[in-house]
Amino acid sequence: MLGVTAASAAVTGRLPADDLLRDALHRVWGFSEFRPLQREAMHAILEARDSIVVLPTGGGKSLCFQAPAVAAGGLGLVVSPLISLMKDQVDGLRVDGVAASFLNSTLQPHERDEVIASVRDGRCRLLYVSPERLVGDGGPSLWRLLKQAQLKFIAIDEAHCISQWGHDFRPEYRQLGRLREDFPHVSFHAFTATATERVQRDIVNELRLQDPLVLVGSFDRPNLVYRVVRRGHLHTQLISILDRHDGESGVVYCSSRKEVEALAEWLKGEGHSAVPYHAGLSDDVRSRNQEMFLDERVDIVVATVAFGMGIDRSNVRFVVHVGAPRSPEHYQQESGRAGRDGLPAECVLIYSGGDFVRWRQMLENNGEWSESARLLLRDMEKYAAGTRCRHKTLVEYFGQRYQKTDCGACDWCLKELDAVADSLTIAQKILSCVARVKQTWGTAHVTDVLTGKATEKVTASRHHELSTFGLLKDEAPAAIRGFIEQLVGDGLLAREGDPYPVLRLTNTGASLLRGDGGCQLYREVKPPSSKKRSRSGVRDTFTAVVDSDLFEVLREVRTRLARERGVPPYVIFHDTTLRDMVAQRPKTIADLYDVKGVGAKKAADFGDAFLDAIRTFRKPE
Ligand code: ADP
Ligand code: ZN
């Protein structure tokens, strides 16, 4: 059913509607081009044809429903799962001069009355509501209002919340399909970044989309640099990552509250501005910490995955996972919060084999362990242990082809992994050791035997007498553990059993031991330090073009304006816009229109402040 993809999306000829959209895009948002599939998605709304639009985070989904509402007039209803998301978008639209509002529990009665009045008399272009508001007790009165207004379309944001297969199931979303009967002439448009076909099918079925236009974008995020490292000395590993991001903002995901607290404390001690975020904190502290991050008053949030949706901050430059998530979907979603502005950003997964064991135990304890959970976890393990392009692995995982042979943006393609010359021999030594200890021991013990470490367990089980004892004594234990992970990832070894998982040979592993087949192992090479940034290639474009002193000055102007208005800085201008100003050095308001991301309203409201700053800027000696 998912017939139409990026490549084959019907491209309708230039309609007059196209001019309307382009005009809105330029006048209101200051953009000159559509992003891939935006144009098609907007036309579906103008033509009132149901649609489902799947674009990665940062792909520009919001504009797909915002621009048609501006271009065509009438009212668009946006269903959004989180109050913070609604507020963010409405703040942004208002700063751009678009009449937008939300209805939710945070409004005072007089504010609510004003919103209702603006909808009723046709002043409002976009109304944001939560699904609860729409299908709950207050539903019918809202429906009457929507019928009085000229409701043109309903956009369902984060539509994967409708599916149990998604990563954020919300039961209220299920009832949205009921609206079809009450609004037979209104088209429905679903938006999500979740790539799997199963979720897409659920969305189409549950929302009862009729002959929907299906638009699926490329899932690749070329501006993200992916790296995977095996967990070693965590603090050292984190420092080397943070060194590459001095003064930039990022998220460090941990798997437990305890680790969140510990790392946040440690980072503060190291002189970083960091706050913790997890479900165990009081609501007050949690929302204050989130706000500090969004308002750019702190650089780093150390968080559990409770910190997630609702982060619209577009200039997140790095996302580190301390511990593997439970599926590639989760990893894509969480790491994808980096670099929404399209500028280079880095995603690092720090993991160990034990992460997967812990997930299994946790899912079992919660009664969530199933065949699908097992496969997802296994796929995540494959990604982590994988020795090929990370972009390719992720894109192919989501069922798309990846054409590039060198992405230039992952540890593999950047040659940060070194091929081990005598891989086959090393692999055979490890496999043979696993066989000799009768496939009843885990990674730590096998590593001890191979390095020739006579621990109590080793001597008690007389493994120091085995021929494989000390067979790899010249290798560091961490390197051997790394090789074992790769063998597990390549399906030559399996990790099985509970509560103490042991290593076993798979059939392919047994064949390799007999001399059938091949194997290539890799060693981690240290990723570049801050001084050798150029190795990642991506970063250079920025430093070359941008005069960072002026950029900082413009950032201060932005912060000041944001404080005055009580909105987060990115609502005023994104980093991309500030950078374009630095590159273009506009002198007049007219020049400003050529800067990416400056629409008419923003030029009028903020133009002078930025032009002044550019005019009076003197490069410090
Ligand atoms: P999504 O909801 O798909 O994650 P957003 O709607 O938040 O993405 O858009 C991501 C960023 O891209 C925003 O900063 C937005 O202003 C910008 N953007 C969207 N469309 C365009 C465009 N056509 N040209 C330039 N920038 C765009
Ligand atoms: Zn690559």
Side-chain angles (χ1 to χ4, degrees), residues 21-22 24-26 28-42 53-67 78 80-82 85 88-89 92-93 95-96 98 155 157-160 191-195 215 217-228 309-316 332-333 336-343 345 347 383 386-396 402-417 536-538 568-580 595-599 602:
L21 289 172
R22 275 185 197 282
L25 205 67
H26 193 248
V28 177
W29 284 277
F31 299 146
S32 47
E33 296 296 330
F34 295 108
R35 291 253 181 93
L37 299 183
Q38 277 185 331
R39 184 172 168 275
E40 291 80 0
M42 292 175 189
V53 178
V54 186
L55 284 175
T57 310
K61 287 183 286 297
S62 340
L63 214 63
C64 294
F65 51 82
Q66 292 171 348
V78 184
S80 174
L82 282 184
L85 277 179
D88 229 58
Q89 291 209 4
L93 284 164
V95 170
D96 282 321
V98 178
D157 207 2
E158 311 285 352
H160 57 270
F191 294 85
T192 179
T194 304
L215 299 169
S218 164
F219 294 128
D220 189 37
R221 302 275 312 275
N223 61 316
L224 301 186
V225 177
Y226 293 108
R227 293 194 162 93
V228 180
M309 283 212 304
I311 316 175
D312 249 1
R313 183 166 173 179
S314 63
N315 61 349
V316 173
Q332 196 223 20
Q333 186 74 21
R337 293 182 180 125
R340 291 179 66 135
D341 52 13
L343 296 167
C347 306
Y383 172 81
T387 44
R388 61 203 286 264
C389 176
R390 311 278 176 199
H391 282 267
K392 188 175 171 68
T393 305
L394 283 175
V395 166
E396 288 181 353
Y402 189 74
Q403 311 288 2
K404 282 190 234 170
T405 48
D406 175 0
C407 74
C410 78
D411 50 0
W412 173 245
C413 295
L414 292 167
K415 311 250 181 315
E416 292 169 11
L417 296 168
S536 85
V538 193
Y570 55 80
V571 164
I572 306 289
F573 283 129
H574 285 292
D575 282 11
T576 33
T577 301
L578 299 192
R579 286 181 189 190
D580 205 21
V595 173
K596 196 171 152 188
V598 186
K602 282 185 181 173

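In listed order, ligands and their atoms are each counted from 1. In this chain, numbering begins with 1 at the start of the sequence shown. Quick note: numbers below take in every heavy atom, side chains included, and nothing from hydrogens, waters or symmetry partners.
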Within the 4.0 Å heavy-atom cut-off, what His574 brings close to ligand 1 is side chain
Confirm or rule out an N/O/S atom of Cys389, from backbone or side chain, lying less than 2.8 Å from the Zn ion (ligand 2). yes
Taking Arg390 for the side chain and Tyr383 for the main chain, is one N or O donor matched with an acceptor at less than 3.5 Å? yes
A student checking ligand 1 against Thr57 at a 4.0 Å heavy-atom cut-off should list atoms 4 (O)
re atom 8 (O) of ligand 1, the protein heavy-atom contact at minimum distance is Gly60 N, 3.1 Å
*Main-chain N/O of Ala409 paired with His391 side-chain donor or acceptor, under 3.5 Å*: yes
Within the side chain of Thr577, is there an N or O that forms a donor-acceptor pair under 3.5 Å with the backbone of Lys596?
yes
Contact region, Gln38 to ligand 1, non-hydrogen atoms below 4.0 Å, reads side chain
Going by the 4.0 angstrom heavy-atom rule, the piece of Ala193 near ligand 1 is neither
message = Between Arg35 and Gly58 (side chain of the first, backbone of the second, donor and acceptor by atom type, cut-off under 3.5 Å), is there such a pair?
response = yes
The protein heavy atom nearest to atom 7 (O) of ligand 1 is Arg340 NH2, 3.1 Å
Looking at Pro36, Gly58, Gly217, Ala67, the heavy atom closest to atom 1 (P) of ligand 1 belongs to Gly58
At under 4.0 Å between heavy atoms, what of Ser314 touches ligand 1? The answer is neither
Check your understanding: Considering residues, nucleotides and ligands other than Glu396, do more than 12 of their heavy atoms fall under 6.0 Å from its CD?
Key -> yes
> Is Asp96 reaching over with its side chain to a backbone N or O of Trp29, donor-acceptor style, under 3.5 angstrom?
Replying inline: no
N/O separation below 3.5 Å, Arg35 to ligand 1 = yes
dist Thr393:OG1 -> Tyr226:OH (nearest 0.5 Å) comes out at 10.5 Å
Check: of Pro56, Gly30, Ser62, Gly59, min heavy-atom distance to atom 5 (P) of ligand 1 comes from Ser62
Q) So is Leu63 in contact with ligand 1, going by heavy-atom distances below 4.0 Å? A) yes
Angle subtended at the Zn ion (ligand 2) by Cys407 SG and Cys410 SG, to the nearest 10 degrees, is 110°
protein heavy-atom neighbour closest to atom 16 (O) of ligand 1 works out as Phe31 CZ, 3.4 Å
Here the atoms of ligand 1 under 4.0 Å from any heavy atom belonging to Glu33 are 22 (C), 23 (N), 24 (N)
Between the CG atom in Leu63 and the CD atom in Gln38, the distance rounded to the nearest 0.5 Å is 5.0 Å
Given the options Asp88, Asp341, Asn315, Tyr570 meets side-chain hydrogen bond (donor to acceptor under 3.5 Å, both in side chains) only with Asp88
* To do: Give a yes or no on whether the backbone of Gly339 and the side-chain of Arg221 come within a donor-acceptor separation of less than 3.5 Å.
  => yes
